[in-house]
Amino acid sequence: FPAANRTDLPVFWQIPKAGGTVVKRILGECLGMVEFSEEGRDHVEPTLQILENSNGLRYLNVDATSTVGLQRAFDLNIAQSGLADVMFTTLIPQAAKIFT
């Protein structure tokens with residue numbers, strides 16, 4: 001399932017209070033997957049980077065939960081980069097743009 005072995009990007013529709021945090025922890029902390037989520041919300045680097053937080057969660061430096069972050073993801077060709085293993089967002093219609 002690592003990104004290097006596939007060409008798609010699974011999208012998890014994160015609905016508040018529906019167990020998404022548990023899924024994120026399992027995929028990120030237990031399975032070591034790189035996530036594209038709100039973890040990258042405070043980053044503005046000009047290129048995509050995989051970062052790691054104090055819990056060992058690896059994430060991309062782009063926010064998947066804001067329209068500004070999704071536009072930045074589109075501009076940086078995040079879907080084609082192969083860096084993310086899974087995407088978590090509440091903005092499904094807006095997120096669709098990154099796949100075009």
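Computed from a predicted model, the values in this text were never measured in an experiment. We use all heavy atoms of the structure for the numbers below, so side chains are in, but hydrogens, waters and symmetry mates are not.
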Residues that Thr65 engages under side-chain hydrogen bond (donor to acceptor under 3.5 Å, both in side chains), provided they are two or more places apart
Asp63

With sequence neighbours left out, what residues match Arg25 under salt bridge (charged side-chain N to carboxylate O under 4.0 Å, His left out)?
Glu29

Contact summary for Ile92 and Thr89, nearest pair of heavy atoms:
CD1-CG2, 4.0 Å

Should Val68 and Val62 be regarded as members of a common hydrophobic cluster, given that ILVMFWY residues are connected when their side-chain heavy atoms come within less than 4.5 Å of each other, either directly or indirectly?
no

If I compare all heavy atoms of Gly32 with all of Arg58, which pair ends up nearest, and what's the gap?
O-NH2, 2.8 Å

Taken in chain and number order and not counting sequence neighbours, the residues that satisfy side chain to side chain contact (heavy atoms under 4.5 Å, CB included) with Asp42 are none

Using the test side-chain hydrogen bond (donor to acceptor under 3.5 Å, both in side chains), find all partners of Glu38 that sit at least two apart in sequence or belong to another chain.
Lys24

Which distance, rounded to the nearest 0.5 Å, do you find between the CD1 of Ile98 and the CZ of Arg72?
13.0 Å

If two hydrophobic side chains count as joined below 4.5 Å and joins carry through other members, does Tyr59 share a cluster with Trp13?
no

Connected to Leu57, directly or through other members, by ILVMFWY side-chain contacts below 4.5 Å are none

Going by side-chain hydrogen bond (donor to acceptor under 3.5 Å, both in side chains), name the residues that satisfy it together with Thr67, two or more places apart in sequence or in a different chain.
none

Which atom of Phe36 lies closest to which atom of Ala64, heavy atoms considered:
CE1-CB, 3.5 Å

d(Arg41 CZ, His43 NE2) to nearest 0.5 Å is 9.0 Å

What ring pair (Phe, Tyr, Trp, His ring centres under 6.0 Å) pairs are there with at least one residue in residues 81-100, not counting sequence neighbours?
Phe12-Phe88

Result block: side-chain N/O donor-acceptor pairs under 3.5 angstrom for residues 74-84, not counting sequence neighbours:
residue: Asp75; atom: OD1; partner: Gln71; partner atom: NE2; Å: 2.8
residue: Ser81; atom: OG; partner: Ile78; partner atom: O; Å: 2.8
residue: Ser81; atom: OG; partner: Leu83; partner atom: N; Å: 3.2

Are the side chains of Leu60 and Ile50 in touch, meaning some heavy atoms are under 4.5 Å apart?
yes

If you measure from CG on Asp85 to CG on Leu31, what distance do you get to the nearest 0.5 Å?
9.5 Å

Those residues at least two apart in sequence (or on a different chain) that pass side chain to side chain contact (heavy atoms under 4.5 Å, CB included) with Gln49 are Glu45, Thr47, Leu51, Asn61

pair Leu70-Met87: side-chain heavy atoms closer than 4.5 Å:
yes

